[in-house]
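Worksheet: one structure, shown below.
Start at 1 and go down the list; that is how both ligands and their atoms are numbered. All residue numbers in this chain count up from 1 along the given sequence.
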Amino acid sequence: MTDNKIATVAVLGTGVLGAQIAFQTAYRGFPVTAYDISDEALEGARERFARLGHTYAAEVEGATPATIEAAQARLHLTTDLAAAAQADLVIEAVPEVLDLKRSTFEKLGALAPASTIFATNSSTLLPSQIGDASGRPDRFLALHFANRVWQFNTAEVMGTAETDPAVFDEVVRFAADIGMVPIELHKEKAGYVLNSLLVPLLNSAIALAAGGYAEVDDIDRTWRIATGAPLGPLQILDIIGLTTPYNILTHGSGADAKLAEWLKENYIDKGLLGVATGQGFYSYA
Ligand SMILES: NC(=O)c1ccc[n+]([C@@H]2O[C@H](COP(=O)([O-])OP(=O)(O)OC[C@H]3O[C@@H](n4cnc5c(N)ncnc54)[C@H](O)[C@@H]3O)[C@@H](O)[C@H]2O)c1
């Protein structure tokens, strides 16, 4: 571990990403307070942590029953926001709703010591849309993880014009401490680096398939062979699940809305959502 001031961490929201961030952070040796809104949600968190333990055992090099048990022991679940607010770093992973994120940071700002750093894991909102609600925009930034954090271990760090550079650097060091590869953004960018690259590629692949320009397999093969990438864009879409690109396209231009309609008619309405349902652009046994 590097010489970092962040020693304790809280994660708000224990859904898909929150549970992964909390588990990974605990796995790397930090005590973690995992906060959610109800006992029912925390029951769900317990199940997610148990499943993550099995996944780490199977997929993470060097994971043993002892290291996984130690990670589980560092996780403390609570519905008390005041308890979560005591951490050195609070990472927010609540649903992607601006008002909800703002009200969460407003409450947190009133409860946390002045030294606490706040980070949002938001995929589509900019930190400058949220930071002022916390009452400490200088200690506020985005720390954005990718789904399956133990495998796809980028952590994009993106501040606002108001973020203290020392806070930014501390969060970059923390990201490395928990086994992520920190990706530093010098200014705000919707979609960060990853989705700024990925979303246009995926949308172009959908447009090629929807327009009947080439077969699904040939679109992917072209990308794999010509760039050396392990997966083609339509294979990636099947892994993400087709509902997410559908939702993104419905918010886009007129051409995007037509692609959304095509996805809906040919895949979503038929329950063909990708790997999770056994069929999307490809069939899965
Ligand atoms: N799912 C992904 O692949 C992914 C990837 C990167 C970033 N993100 C971002 O992470 C955030 C969470 O996404 P997710 O997919 O984990 O969502 P999710 O729906 O799986 O989980 C959200 C969790 O927040 C809890 N919650 C609801 N209201 C709350 C509140 N007021 N305070 C605290 N917790 C509350 C819910 O009970 C639930 O456990 C979003 O901002 C999303 O953009 C998601």
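Using a 4.5 Å cut-off on side-chain heavy atoms (C-beta onward), Ile219 and Tyr213 make no contact. For the pair Val149/Leu17, a side-chain contact is recorded, criterion being any heavy-atom separation below 4.5 Å from C-beta on.
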query = How far apart are the C-alpha atoms of Leu125 and Thr120, what are their side-chain angles, what is the distance that settles it, and do they pass the side chain to side chain contact (heavy atoms under 4.5 Å, CB included) test?
reply = CA-CA 9 Å; Leu125 302 166; Thr120 178; over 6 Å; no

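Glu156 contributes no side-chain N or O that, together with a main-chain N or O of Leu185, makes up a donor-acceptor pair within less than 3.5 Å. In this structure a side-chain-to-backbone donor-acceptor pair under 3.5 Å is present from Thr163 to Phe140. Side-chain atoms of Glu162 never come within 3.5 Å of backbone atoms of Asp138 as a donor-acceptor pair (strictly under, hydrogens ignored).
Identified under the side-chain hydrogen bond (donor to acceptor under 3.5 Å, both in side chains) test for residues 48-58, with sequence neighbours left out: Gln24-Tyr56. Pairs passing the side-chain hydrogen bond (donor to acceptor under 3.5 Å, both in side chains) check and including a residue from residues 244-268, sequence neighbours excluded, read Lys264-Asp269.
Near Ile37, meaning under 4.0 Å from one of its heavy atoms, ligand 1 places the atoms 27 (C), 28 (N), 29 (C), 30 (C), 31 (N), 32 (N). Residue contact check: Lys101 has heavy atoms under 4.0 Å from atoms 40 (C), 41 (O) of ligand 1. Numbered from 1 in the order shown, with element, the atoms of ligand 1 that lie under 4.0 Å from a heavy atom of Asn147 read 3 (O). Proximity to Leu100 (heavy-atom distance under 4.0 Å) selects the following atoms of ligand 1: 28 (N), 31 (N). Within the listing of ligand 1, atoms 32 (N), 33 (C) sit less than 4.0 angstrom from a heavy atom of Tyr35.
Residue His144 places no N or O, backbone or side chain, under 3.5 Å from any N or O of ligand 1. Polar contact with ligand 1: present for Leu17 (N/O pair, distance under 3.5 Å). Among the atoms of Asn121, some N or O lies under 3.5 angstrom from an N or O of ligand 1. For ligand 1, none of its N or O atoms has an N or O atom of Thr124 under 3.5 Å away. Below 3.5 Å of separation, one finds an N or O of Ser123 facing an N or O of ligand 1. Where the criterion is an N or O separation shorter than 3.5 Å, residue side chain and backbone included, Val16 meets it with respect to ligand 1. Geometrically, ligand 1 and Asp36 share a nitrogen or oxygen pair separated by less than 3.5 Å.
For atom 24 (O) of ligand 1, the choice among Gly15, Gly44, Pro95, Ala45 with the nearest heavy atom turns out to be Pro95. Between Val94, Leu42, Val11, it is Val94 that holds the heavy atom closest to atom 34 (N) of ligand 1.
Ionic pairing of Arg221 and Asp218 is present here: one or more N-O contacts between side-chain nitrogen and carboxylate oxygen are shorter than 4.0 angstrom.
Contacts between Thr120 and ligand 1, counted as non-hydrogen atom pairs separated by less than 4.0 Å, are absent for every part of the residue. Contact annotation for Phe145 and ligand 1: only backbone heavy atoms (N, CA, C, O) come within less than 4.0 Å of the ligand.
Note that atom 19 (O) of ligand 1 has no protein non-hydrogen atoms nearby, at separations under 4.0 angstrom. Using a 4.0 Å threshold on non-hydrogen atoms, atom 13 (O) of ligand 1 does not count as touching the protein.
Taking the six-membered ring where tryptophan is involved, the planes of Phe23 and Tyr27 are essentially parallel, since the angle between them stays under 30° and well short of 60°.
Summary of contacts: the protein heavy atom closest to atom 43 (O) of ligand 1 is Glu96 OE1, 2.9 Å.
Counting non-hydrogen atoms of other residues, nucleotides and ligands closer than 6.0 Å to CD of Glu215 gives a total of 12 or fewer. In the displayed structure, Glu69 atom CD is contacted under 6.0 Å by at most 12 heavy atoms of other residues, nucleotides or ligands.
Not a single heavy atom of Glu92 sits under 4.0 Å from any atom of ligand 1.
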